[in-house]
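Chain letters run A, B, ... following the sequence lines, proteins first and then strands; every chain starts at 1.
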Amino acid sequence: MISAEFVVERDDFFMDIKLEIPSTGATVLFGPSGSGKTTFINVLSGIIKPISGLIKVGNATFFDSENKINLPIEKRGIGYVFQDGRLFPHMSVEENLDFGRKRSHDKTSRKKEIIELLGLGQLLQRKPSTLSGGERQRTAIGRAILSGPSFLFMDEPLAALDFARKQEILPYIAILKKNLKIPIIYVSHQMEEVVRLADHLVLLENGKILNHGQIFDVINSPSLGTLLGKDDKTSLINCHVDKENGKDGLSKLVFPGGYFLVNQRNLAPLENVRIELKAQDVALALEKPVATSIANILGALVAKIETSKDTHCDVLLSVGNVSIWARITQQSASRLGLKIGSQVFALIKSAAIRPF
Amino acid sequence: MFNLTTIEIDAFYLTLKVAFFSVAICLPLGVITAFTLSRVNFPGKWLLDGLVHLPLVMPPVVVGYMLLLLLGRRGVLGSWLYDTFDITVAFTWKGAAIASAVMAFPLMVRAIRLSLDTMDRGLEVAARTLGASRTIVFLSITLPLSLPGILTGTILAFARSLGEFGATITFVSNIPGETQTIPLALYNFTQIPGDQTPAIRLLTISVVIAFAALIASDLLARKVKNRLGTKFEEDQ
């Protein structure tokens, strides 16, 4: 676990942080540019020295202003993937990968595994200047991992890439997260990356933490809504792909409380996936519709109703252990006579469900 | 034409020897000084910066005379060198090398510093996040990446040393076989009225050395460029 408490003051930027980050899964630092996301990981990695504070990672003290401890960058045992890759231009891809590996404590390294995982096999002898943006970033990720870090910091590793390259890299990061079990701290201002990768979410604005916690809690918090300048509600649900997959081209995604049928063929059976479901894509009915094109009809209980200043209201549904938001008009809500505890059916088109 | 006289042969070898040792003095000191000026912040940095650049803005004769006062047999440092190590630099080829080195030093430092200043320092930070100490970072990242600047500095310093005249003649005089480099020998010949052939022969030798140095440096620069992989292909 990382426990960080520090103050940074630079030019007209002031940052005051007190935060604990778990050492499992991916923690995404999310916020607008200038909010201090990168400063935060630069402080943790020792690139920026705070004016005061106490930073501990596991049993190691990285920084302690009271006892004048400031562990140098190279002794902190962290991996850092920079936005611009920062591959060493005078070294081949393999020499870049080996740079940190040679100095890592555990030399029983997984070089072969990582090279395969990141698809770097064909690139080993190439110079960074001959690589595409995506290839460069994959190499940078491999290089950081092979240095055997206890934490992996990623500073918007996809920001410099175009849409197609982003789609090329994101699955790799998801696989890394799943296979390597290295805790990741990921800086981003893209909701897509948050939704896809985050287990924990930290919201930053103007050098302060607005909110932090489990992704499922923070994703619908008012603070995120303010940050994004809209009040959309999104449900994130962890599912696994059913083993009887692929009937009629639809995949069956099982979650505690039921299953979704999704328009996606290439999902491997038993794979864990996360789905994103926007509240406006969920409709409600009091009785189970019989003749309908809608593939997903889930029995649910109304847990909460949030009325907005607009004409709509957001209804929080309990489906088994899972919460799903539905956005309907206030007029519909009163027509259906919705109250907390009402039994309803949630209607979701399979095309509205986006699995990652 | 190609039967060189003793004076010419002496001047030829002496010029190369002086330039070689001048660069040999300049190079390590230049790298350290440039690195200090580019990367380290300390009070009085402007003073070091100014001191390094002095020979560039002062008349060479003044530099030569200062060297004589400092390193001459009765100079502050010179007498100490003579008493302790029995070394005399004034009026010897060693002195000529020192005079050339002092004159070439600012050129060397400026070239290396430019390279260090324009280098992506993020690469050094990246290397440290990968577990490399400052020393390792300097040797494996900073130094190789500033190689173009070091090369340029070396060539400039070498060229400056080949042509050094004012400081040399003031500090170590114009002694055939000891301190008489090609420029000094050429100066001698031009002072004698009459036949211009000896001067023109020296001029030719000088041009040949300069050309050879240019070609060698160009080949080296190409090699360094390839090694650093500076041919960027944008991936759009």
>> Non-hydrogen contacts under 4.5 angstrom with chain A: give the residues of residues 130-148 of chain B involved, or none if there are none.
In response: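 Heavy-atom contacts from residues 130-148 of chain B to chain A are B/Leu130, B/Gly131, B/Ala132, B/Ser133, B/Arg134, B/Ile136, B/Ser140, B/Ile141, B/Pro144, B/Leu145.
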
> Taking non-hydrogen atoms and a cut-off under 4.5 angstrom, which of residues 109-126 of chain B neighbour chain A?
Replying inline: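 So the qualifying residues are B/Gly122, B/Leu123, B/Val125, B/Ala126.
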
> Relative to chain B, which segment of A/Ile73 carries a heavy atom at a distance below 4.5 Å: side chain, backbone, both, or neither?
Replying inline: both

> Do the side-chain N and O atoms of B/Ser100 and B/Glu164 include a donor-acceptor pair separated by under 3.5 angstrom?
Replying inline: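 The answer is no; no qualifying pair exists.
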
> Any chance the side chains of B/Ser22 and B/Ser161 put a donor and an acceptor closer than 3.5 Å?
Replying inline: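 B/Ser22 vs B/Ser161: donor-acceptor pair found between side chains.
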
> So which pairs with a foot in residues 149-161 of chain A pass side-chain hydrogen bond (donor to acceptor under 3.5 Å, both in side chains), sequence neighbours left out?
Replying inline: A/Thr38-A/Asp155, A/Glu156-A/His189

>> Testing the basics here: between A/Phe13 and A/Met15, what is the closest heavy-atom pair and its distance to 0.1 Å?
In response: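 Smallest heavy-atom distance, with atoms named: CE2-CB, 3.8 Å.
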
> Is a donor on one side and an acceptor on the other found under 3.5 Å between the side chain of A/Ser35 and the backbone of A/Pro32?
Replying inline: yes

> Quick check: does any side chain N or O of A/Lys177 sit under 3.5 Å from a backbone N or O of A/Leu197, one acting as donor and the other as acceptor?
Replying inline: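 Checking the backbone N and O of A/Leu197 against the side chain of A/Lys177, a donor-acceptor pair under 3.5 Å is found.
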
> Are more than 12 heavy atoms from other residues, nucleotides or ligands located less than 6.0 Å from atom CZ of B/Phe20?
Replying inline: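 Not buried by this count: 12 neighbours or fewer within 6.0 Å.
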
> Under the side chain to side chain contact (heavy atoms under 4.5 Å, CB included) test, which residues partner B/Leu54, sequence neighbours left out?
Replying inline: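 So B/Leu54 forms a side chain to side chain contact (heavy atoms under 4.5 Å, CB included) with B/Leu51, B/Val57, B/Met58.
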
>> With ring pair (Phe, Tyr, Trp, His ring centres under 6.0 Å) as the criterion, how do A/Phe63 and A/Phe6 come out once you've worked through the C-alpha distance, each side chain's angles and the decisive distance to 0.1 Å?
In response: CA-CA 9 Å; A/Phe63 183 79; A/Phe6 61 83; 8.4 Å; no

> Are A/Glu94 and A/Lys111 ion-paired here, with the side-chain N under 4.0 Å from a carboxylate O?
Replying inline: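 So A/Glu94 pairs with A/Lys111 through a salt bridge.
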
>> Below 4.5 Å, heavy-atom pairs only: which of A/Phe153, A/Phe88, A/Tyr80 has the largest tally toward chain B?
In response: A/Phe88

